[in-house]
Each structure stands twice: as structure tokens, then as C-alpha cells.
Amino acid sequence: KAMGCSCDWQRWAYTMDEQRARAVREAFFRLFKDNLIYRGKRLVNWDPVTQTSLADDEVEMQEVDGFFYYLRYPLCDRAGNPVTLRDPTGAAVGADNLSHITVATTRPETMLGDTAVAVNPKDPRARLLRGLFVRLPIVNRIVPIVEDSYVVLPVSLGGDPNDPKAQFATGFLKVTPAHDANDYELGLRHNLPIINVMAPDASISLDHGWLEAEPHIRETADPCLRSHLLGKGRDEARTAVVHFFRDNQLLQETRPYRHSVGHSYRSHVPIEPYLSDQWYLRVTDKRLAARANSVLAEDQRTLDTPVSSGTEGALQRRSQGTVRFHPARYAKTYETWHHNIRDWCISRQLWWGHRIPVWYVEFIQTFSGQGKTGSELDDRWKAHLKECEHRLRGYLEKQGISPDDLVIQEAGPLIKPGMGHLLVSRDPRADRILEKLAAERESEVCPADSDVAKLGLKSLRQDPDVLDTWFSSALWPLSTLGWPDPDIIKDQRSPLNRWNPSNVLCTAREIITLWVSRMVMFNLYFRDCVPFRDVCIVPVIQDGEGRRMSKSFGNGVDPLDIIQTHGADALRYTLASMATSTQDVRMPVEVDANTGKNTSPKFDLGRAFCVKLWNAARFVLMQLERSAPEQHTPATQSAGSGAAPVAQPAGDGGVCESLWTMADRWIVSRFNRTVGEATAALEAYRFDQYARTIYDFFWRDFCDWYLEAAKPQLRSEPQRTQTTRILAAVFDGALRLMHPLLPHVTEVLWWKLNEICPERGLPGRILTCTSPRLIRAAFPQDSRNYSEAAEHIFPRIQEIITAIRNLRNDHKVDSKKPVDVAILAPGDAARQIEAMRPAIEQMAVCRLTSVGAEVMPASGSVRASVGKCEIYVEGLIDTAAEEQRLARLRQELQRKIATLRGRLENEGYLARAPARLVQETRDQLAAAEAELARLSSS
RNA sequence: GGGCCGUUAGCUCAGUUGGCCAGAGCGCCGCCCUUACAAGGCGGAGGUCGGGGGUUCGAGCCCCUCACGGCCCACCA
């Protein structure tokens, strides 16, 4: 609000409120029903400090100095008897015998969970080792040697020398399925046991699967396990393991190694790959990730995404829309991410978030299994469960839960034994009913005629986890507009149907994968259309040293502080001017002397522009105020509060263009060009170009030149009337043009303008707009009413003025003292200069003594050339200085002539460059030679 | 390891399909408090466009390569 963002503040929403919760429940229900949500035992990114799993993109990779430990595992047979291989040729093992193999690892503590050692089948040693085992030190586990081509061959055995892994690999890979994602996959391929040796806090523990896998481990393991490892954190455990290997001559080598390790974005400790039960969203299903890629704008696609072809496909594409990135290169980020996506772990072990709406239901076994065979038992048990399920459905239906809003399914093999069914309802009331049942079940007295007893419920509990915050965020374009309310979905005029899809999402590049992609997937899935059409990625602001701004580091600026020191419009303008198409922009940060808060001199730019606008407005409004209202011909009909520009009748419409000066024509033409440029910049999401365009127009063209040129015009009728009209119209247009970046200042000025000069406009040239509030007024339109002549001639006048100013400055003339100027100019030019005489005299502080084709320089005058005109400034007698200046000018001209001649002597240039350019070069050469001749003749 | 971005004036950044002498703001120097504006006006100095090679009549821009800075992705042997 402080920045003046015109959001619809009535539609304020909070991620965790009722409406958003309904959307989350609906989405979860539908995805679950469509078999896109599943529970799986997988390795997750585990944060041992906050004890939650993290999504892949919540893991930050950091370079860490670590070590490679080369650990020796003794070879043995199936029974554990030591084996020493003999290789008489020595070809395979590089030695004549082999009693152990060596693995390389950065995480020695995970060896406690090793369940195999892998070797590449192409490794010559693989044949020798076939059928052998190793005895894991410390735990004394006998584990097999398996062959898998995933294992990298060391360089010495023909590995790729460019693969860094091949450089430090030994050819043997320890396999720890419970603590390494690749090892997990490898373990699945070879049916290896999965032994988790860690507690959720990443300490070594028997209690999370290890003891179940190896009931006698306490007895069989080396005492070191109990004394130095159990209960110890992973770092301590690492040291203990390394010491054990060293003390037993099993540590072959330690090499320093710098590598990147995933860290938690929450606690900043290294991630532990951890085996646990989690909920997954099957984004790998083609209805999600692949579909998200298929809506990428055709010209932004690089991968071969299957897109439905033919008329049907085209129809579908048209109805679902396309997503386009600005700048286009970010499409690749989006596309690659979807292409390489893995299923999304959506459960989080946090207390804050949307609770996963899944209930676990377990029924009581009400019959005896005595004397039955296994399969008979299975059948009876299944039938019983079916009956229980049926009864529960009926019960819920009686309580008002529609069967359509309910999914009850068997929990499947991945859920812990004893967990009979999963229940998910789309109706939030189901939770109340189930909560009541659960409470009843837990109460000490549970009468036989209670619902719980009738339903045969053994246990009933809701999943304790919450959803990843991006799950609800992904629904934002839907949930903020009333989805999933059926009325809102059906009503064509509802906010959902009006604003989804929306036009543009503006965000930062790291959000592309976290949020943009998921909004697209969900919107397509639930609504069959894209959530927005354009995605505008803006640069990230860094501090003066190129570091990311961070609250805790204190190197950032607070927008509210900037609003205090510079103003909201200055903040907006400056930020827009920094929104280039690169990735990062720097903002030097310093402490404000008055407030003690962080600020940046960058914002001075915006403030200066606001001040300039304010001052120019004071001048314009003062001039308009001095003119009687009736002098303004009514040019616009009252359009009420209408925001549309009023169509102006063609023709003169009382504009009296015959009275316009070259400056008048020029500024009107420039205004229209500027509107065109600004519109193009905005359409391309080039906010920096838009900011610069309005700056150049308003400050340079309007203030520096037009207002100065207008001053003499305002002093005399009948020009005054025309000039005030033009001032009013251009100022009106400029306010509308600049309003998006400077809403506060322009709005106030608009009110003043409406008050002082309610009737304004230049029919056909500048379409003005009556609206009490600027924010409701139309953005100006480029009327394409350009004056080529004015745009050509006025800059010549500017050059003449600048030339005179230059001569004055070079000769150190008091800036208030007028000088006499004569200008030698051919007929047309002379007339144009004559017409602009008052402006030239005012702006260059001079008197034009004579202008024409016959003008001769007075003796002692100094001179300058502008095109075909010669300017003589009289009375600045300093012969030596002038001679020096002329000599410098001659030298410059000669150099220029040489360059141009060189170009024209180049045959390739003459032959291949466009004729237009060659002609231009010829003209330039002729002009330069003529000028040199004139300078030399005097 | 893959990808992306950046390297242009002391600082922060523009520079559209290759085409006049590479621009702006701030800072710096000189003059000016001229009745819109000193948070301003006028004028000025300052750049081998990161290095090297190539394509082209012509390269800040296109291609190759190297260096440096930053970011994203990737299964931490």
C-alpha cells in the first residue's frame, strides 16, 4: 500500500485461512483419488536439526572442505573365513595377491550400514571376486560383492580420465542403501537389505531398523560400536570410525577433497539422506510435468516435448493457453526442470502448515484364525475388511458425507503392517466426525453400543504431517479466486473466470521451479488452462559488493525506509530503472545520516526526477493559471468519469497550427514518439527502458528545451494562447504516461491540472482524457502524428544554441551578459532561425544581429559551424585563444576527413555496404571539407 | 559435472536486426542562486568496450578460446 500498488485490497488472503484450506483439501482429494499421491518409503533430504524432510530445492549446495577416506575391507567367503586371492599374472590386481579391497568414501560413518560392495563388471578384478564377500570392520557383517555398471572404473583400469570420479575411485564402491540415494537404487537392483543406522537426529542408533535387521548386532559387533559409536552424532561417529580403521591398519589413505554438500536452507547443517515414510505427488505423471512443458510457447521450447498434434491438439492448445517467459532464456530453466523432475515429496514434519487430510483406519480382527490355512485366512480377512469398510462408508454417509467425497482404500504394502486403510475426504466435516470417533476410541470407557465398537475400529488417527508450503502456494491462482466453490467455477462472471488465466506473473528466477512451475501444473490439472500467460523475471538486487541482500546480514534496504527518505515514487522509479534484462544488479548500500537506516544513493535518481516533475508542474500550472479559462477552446466533451480517450474530430479543431512554432511542433511530435517507445518497452516488460524513455522525454525534451523555448512565446499574444494549450495537452499526456511509475506525484498534479485547466486537448495530435482521477485515466496513445520536419529542424536550432553556449563558455563570457551573434545561413535555414529568434536569444543569452545568406563575420568574431550555417559571435576578442581553438577544430576535421576518405577508398565498402550508407559517407565528407575550407579561409 | 548471467567512464548501468566520432545517472572540474527547479542550469574532462584469435567492406554486438566475478541445476564414492 505504501508503494501505491493498486491491488484489490478487498481480496486479502492468507495461505492458512479457511478458503485456502478448502482448496488444499479439494486438490489433495482429487490427486489422491486419481492415484497421483502415494506414500512411499524413500530416501529423503533430512534435516537432522529441525527433523523434517526437505524438498530437493530446499537443499542448498555448499562447497565444503572434506576428506576422502580409503577404507580396506577384508575379503572373505560366505561363512566369513578370510580369503586371499592369488593372481599369478598380477594383471588384474596389480599385485600378486589380494586379501582386501579398498573403497573410497567421504562419509566413513555410513559404512555401519553397508550391505554390499559393488564393482564394475568390466573391471578385470570382478571375475576374480565373483562369489566372494567382505567382512565389514566394526560391525562384522558379511556382505556380498555385487557387479553393477554404475561403478566408475578408475583411470588406471580404463576409466575416463576426464571424469573426476575416475581419478580418485578405487573401482570398489561401498553400498549403503539406507544412507545414500544412489546406493538405495543400487540396493533395489540387487535386492540388498536396507539397514538404517541413524536416529532422526543423525546419531548412530540401533533403534530405527538396525536391531530389527540384525538382532544380535550387540554381540557380534566390535565393542567399539557400543563404546564409541552408539548415540554419537555423525561427526563424532566419523572420527571414531576413522580411528578404528587407522588403529587396525585398515585406513589406507586420507586425501583432502573439496566437494559440494547439500545443506538445509533452514538450519544450514548438512542434509542427511534418510529413509522414511513420506507422501509423494507423482509429478512424473505426464498429466503434470510433461503437460506443464507442453504449454510453453512454441518458440521458447528446446526439448522434444510431446505435444498433441493435429486440429484437436491445436484446439486444446488454444483453450489451455501458453506460457511465455521474459526474458526468453528462462524458459529453458522451466523446461529442463520439468524434464528432469522426480516425484515431489509433499509431506513435512512441521507443526505449521496444512495438515495432510489422510486418516489411518485399522479394524479389529473379530474372528479366530485357528485351524485355517494361510490363504483361507487371507480371504476371510479380506472379506472382513471389505465389510468393515462398507460399514464405515455407510456410517459416514448417514452423517452427511457424500460417497463421492470419500476415498477409502487399502493401505498397501508400503504402510506399516497393521495399518488397514487410508481414508481421504474432500469434505472437511468428515474430519470432525472422525475426530469425534478417534476421541471416543481413546477414551477409557468405550461402551459396546458406541459407534466405535459398532464400526469395529481398532485405531483411527490422522497423519501427523503437514504439506509442503509450496503445495498450497501452487494453488494460489485458484484458491484466491474462490476455487473450488462450484458456483464460482460455473459462473462466467466470477472472479475465477475473469482473472484466471491472468496476464502476467512477475517474479525472481529462483521462483521458477519452486512456484511458477507448480502453479502451471496445478492450474492445468484442475482447470485445464494455464494460470497466467506471461512470466516476467526481474533481476535480483545485490548489495554494492555483489552479495545477496539478507535481513540477518543487514546488508539490505527496507522499502519502507526508502519511502521515508526518498518517497514511494522515487523508490518505484528507481527500482523500475534497475529492472534490466540481466540477472543481477548492484545497489551500493550506505547508512542514512538522519535516520540511521540503510539506504542507497541509487534512489537519488528517482527523487531527483520527482522533484523535477514537481517544479516543472509548478511552472506549467502557473502559466495555465494566468490564462483565462475561456482562452482554452473546449476540445473534449465531458465523458463523465470515462477512462477512454475522447475521439477527436479530424481537422484543425481550433488548433490554429499556423501559429505554432517549430518548438511546438517538435514537442508534440516527440510526445507521440515517446508514447510509442514507452508502450513498446512496457509490452516487452522492459521497465528500465520505459523508465529511461519517460526520463529523457520529460527532463531533456520537455523541461530543458520546450519549457525554455516556450518562455518567450508565453510573453506575447497570440502565441501565448497556443502555447498554453500545447503545454496543457503535453503535460496532461506526460502525467498519464508517467503515472505507472510515479503514481502519487502525478495523481496530485492531475487534480491540480483538472482544477486549473479542466478543458484541454489538441484534437488529432494528443488525445487527452477527462477523468477526475488519474489512476482511472487511459494510458496515452501514440497518435502517430509526427512532424518529420520539426524533428529534423528543431535539433538544428538546438545545435545552434549549444554552439553559441559553447563559444561563450570557451571564451569565459559572463553567463548573464548577452553577446551579439550573426549567422550565415542559406534561405530556408535563415527563415527557420529567424522564426525561432526569441527562443535562440533567450536560451543562448544573445542578440541575433543578422541572419542570412549574405552575412559576413565582423572582425574579431569567433565562429562555429552547424551544418550549412556559420555562427559568428562578436565581441569576444581573444585572438590567440580563438586561433588555438580554430587550430584544434581544423585538426579534428582533418582527422575526420581522413577517416571518411579511407572508407570511400575501400572498394569492399563501396561494393558491399548499402548505397544509403555510402551516400551518407560522401555527404559527410563533402560537408567536412566545406567546413574546413571555411575555417581555413578566415 | 551441466547450464545461465556478467566483465563498457572513478561508481552503477544502457547500447534494438553488426553501420556517423560508444551513451546516461552519480562522482569530478569550470561558470551561474537567470522570477519552475542549487535535490537545479550551462559547459567540460574522463573509455585500447576483460585478454587473445576469427568471420566481415565494417564488430561493444556474431563465432572460437582463455581469465575473473556471480547464480541455478546435478546422485556427497
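Naming: A, B, ... by sequence-line order, numbering from 1 per chain. Reckoned from all heavy atoms, side chains included, excluding hydrogens, waters and symmetry mates.
- No contact: A:Met587 has no heavy atom under 4.0 Å from any strand.
- Residue side chain A:Tyr150 reaches the base of B:C75 through a donor-acceptor N/O pair under 3.5 Å, judged by distance alone.
- Defined by atom type and a distance below 3.5 Å, a donor-acceptor pair is missing between the side-chain atoms of A:Asp592 and A:Thr599.
- B:G40 and B:G25: their C1' atoms are spaced 15 Å apart (whole Å).
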Please produce a list of atom pairs where a protein N or O lies less than 3.5 Å from an N or O of nucleotides 26-28 of chain B.
none

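- Proximity of A:Lys602 to the phosphate of B:C11: no side-chain N or O atom is located under 4.0 Å from OP1 or OP2.
- Counting any heavy atom pair closer than 4.0 Å across all strands shown, A:Leu173 reaches a base atom.
- A:Arg618 has no side-chain polar atom (N or O) that falls below the 4.0 Å cut-off from OP1 or OP2 of B:A36.
- For the OP1/OP2 pair of B:A14 and a distance below 4.0 Å, the side-chain nitrogens and oxygens of A:Thr582 include at least one atom meeting the criterion.
- With contacts defined as side-chain heavy-atom distances shorter than 4.5 Å, the pair A:Phe698/A:Thr674 does not qualify.
- Comparing the P positions of B:C13 and B:U7 gives a spacing of 9 Å, expressed to the nearest Å.
- At the heavy-atom level, A:Arg107 lies under 4.0 Å from base atoms of the strands shown.
- The same atom, C1', is picked in B:A67 and in B:C42; the two are 44 Å apart, to the nearest Å.
- An OP1 or OP2 oxygen of B:C32 is reached within less than 4.0 angstrom by no side-chain nitrogen or oxygen of A:Lys812.
- Neither OP1 nor OP2 of B:C71 sits under 4.0 Å from any side-chain N or O of A:Arg547.
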